[in-house]
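Input: a single structure, listed below in structure tokens.
Computation of the quantities below employed the complete heavy-atom set of this structure, encompassing side-chain atoms and omitting hydrogens, waters and symmetry-equivalent molecules.
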Amino acid sequence: MTELPLIGEAIAVAAEPRLTGARIGVVTFPGTLDDRDAARAVRLAGGTAVPLWHADTTLGDVDAVVIPGGFSYGDYLRAGAIARFAPLMSKIIDAANSDAKLPVLGICNGFQILTESHLLPGSMIKNDHLKFMCRDQVLRVENSNTAWTLDYTAGQEITVPLKNQDGQYIADDKVLDALEAEGRVVFRYVGFNPNGSRRDIAGISNAAGNVVGLMPHPEHAVEVGFGPESLDGIGGSDTDGLGFFTSVLNKIVGGNK
């Protein structure tokens, strides 16, 4: 009996062979939900996904790290507040701030962990409507020069799923003004602000552009037939999230294309 190919396998086969040498670590905390989805996205983009455990004391030989979504430690105290002190996070913080500037992507709970770790400024609080929100969301790419957005163009609108209840990004005006002036707002909500985030901010980066955090879930928009389609004529295809992962792979191996 011939085994049927997995949905999305054609994308992985079509990926450039040179990308397979790039190793992307995917961190799992107690309560993480989307680590397997993130690892699959890495594989579909053509890279090698490396599982990392929160209690690990070394990053090994990974070239980048994804901190996926979920409810690390049940979101006790505050979303991401406990995960920030996991042994592996100290290694990620050091590597991200080092001269090597390890690329780090925080998705949803991962974004919350990055703000708690002070790798990114600001904080995440309850949605302004105080309810869990799950929907397909249009985003505008504001900065295509980060390690995770090189395969997009500035001003491009993409559609990816969003699911959170602590998704409201806040910061004081001084921080917000600096993010705007320095081009560190990477994604902005289009058409609808689902959580009350200041200035419709959906994702930001650090000054070097190697660390990016966002609330929506690009790893859920990487397979034909299993991702969101365009909304009201705007946004793109159901594989709009794949560019996050091809971007970092291309950066690691050299060259954007």
Quiz item: Got a sec, which residues hit side chain to side chain donor-acceptor pair (under 3.5 Å) with Asp63, two or more places apart in sequence or on another chain?
Solution: none
Quiz prompt | From CG (Leu242) to CG (Asp151), nearest 0.5 Å | solution = 9.0 Å
Self-check item: Phe71-Met215 co-clustered via ILVMFWY side chain contacts under 4.5 Å
Solution: no
Quiz item: Do Thr146 side-chain atoms and Thr149 backbone N/O form a donor-acceptor pair below 3.5 Å?
Solution: yes
Quiz item: Atom CG of Asn127 and atom CG of Asp166: how far apart are they, to the nearest 0.5 Å?
Solution: 7.0 Å
Quiz prompt | Residue pairs passing the salt bridge (Lys or Arg N to Asp or Glu O under 4.0 Å) test where at least one lies in residues 200-211, sequence neighbours excluded | solution = none
Quiz item: For Leu150 and Ser247, which heavy atoms make the closest approach, and how far apart are they?
Solution: N-OG, 3.1 Å
Quiz prompt | Nearest non-hydrogen partners of Pro68 and Val26, listed with the distance | solution = CG-CG1, 3.9 Å
Quiz prompt | With sequence neighbours excluded, residues passing side chain to side chain donor-acceptor pair (under 3.5 Å) with Arg84 | solution = none
Exercise. Over 60° means perpendicular and under 30° means parallel, so classify the ring planes of Tyr73 and His54, tilted if in between.
Key: perpendicular
Quiz item: Do any N or O atoms from the side chain of Asn206 and from the backbone of Leu120 form a donor-acceptor pair under 3.5 angstrom?
Solution: no
Practice problem: Would you mind listing every side chain to side chain donor-acceptor pair (under 3.5 Å) that reaches into residues 88-103, with sequence neighbours excluded? | Solution: none
Quiz item: Less than 4.0 Å between a side-chain N and a carboxylate O, is that true for Asp177 and Arg199?
Solution: yes
Quiz item: What are the two closest non-hydrogen atoms of Met89 and Ala83, and how far apart are they?
Solution: CG-O, 3.2 Å
Self-check item: Within-4.5 Å side-chain heavy-atom neighbours: Tyr189 and Pro216
Solution: yes
Quiz item: For the hydrophobic clusters of this structure (ILVMFWY residues joined by side-chain heavy atoms under 4.5 Å, transitively), does one cluster hold both Leu33 and Phe226?
Solution: no
Quiz item: Which pair of heavy atoms, one from Pro194 and one from Leu162, lies closest together, and at what distance?
Solution: CG-CD1, 3.7 Å
Quiz prompt | Check: Phe187 ring centre within less than 6.0 Å of Phe244 ring centre | solution = yes
Exercise. Identify the two heavy atoms, one from Gly69 and one from Cys108, that lie closest to each other, and give their separation to 0.1 Å.
Key: CA-CB, 4.2 Å
Self-check item: Shared hydrophobic cluster for Leu130 and Phe132 (ILVMFWY, side-chain gaps under 4.5 Å)
Solution: no
Quiz item: Going from CD1 on Ile113 to CZ on Phe85, what distance comes out if it is rounded to the nearest 0.5 angstrom?
Solution: 12.0 Å
Practice problem: Evaluate the side chain to side chain contact (heavy atoms under 4.5 Å, CB included) criterion for residues Leu88 and Trp53: first the C-alpha distance (whole Å), next the side-chain angles of each, then the deciding distance (0.1 Å), finally the verdict. | Solution: CA-CA 8 Å; Leu88 190 64; Trp53 183 238; over 6 Å; no
Exercise. Mind checking side chain to side chain donor-acceptor pair (under 3.5 Å) for Thr28 and listing every partner two or more places apart, or none if nothing turns up?
Key: Asp35
Practice problem: Output, in order, the C-alpha distance, side-chain angles, deciding distance and verdict of side chain to side chain contact (heavy atoms under 4.5 Å, CB included) for Arg198 and Gln168. | Solution: CA-CA 8 Å; Arg198 303 299 185 267; Gln168 183 179 178; 2.7 Å; yes
Self-check item: Short side-chain to backbone donor-acceptor contact, Asn195 and Tyr169, under 3.5 Å
Solution: no
Self-check item: Heavy-atom pair of closest approach, residues Ile252 and Ala64
Solution: CD1-CB, 4.0 Å
Exercise. Report yes or no: do Asp136 and Thr159 form a side-chain donor-acceptor pair below 3.5 Å?
Key: no
Quiz item: Can you tell me how far the OG1 atom of Thr32 sits from the CG atom of Asp37, to the nearest 0.5 Å?
Solution: 11.5 Å
Practice problem: Mind checking side chain to side chain donor-acceptor pair (under 3.5 Å) for Asp34 and listing every partner two or more places apart, or none if nothing turns up? | Solution: Lys163, His220
Quiz item: In this structure, which one of Thr115, Leu176, Ile125 forms a side-chain contact (heavy atoms from CB on, under 4.5 Å) with Ile170?
Solution: Ile125
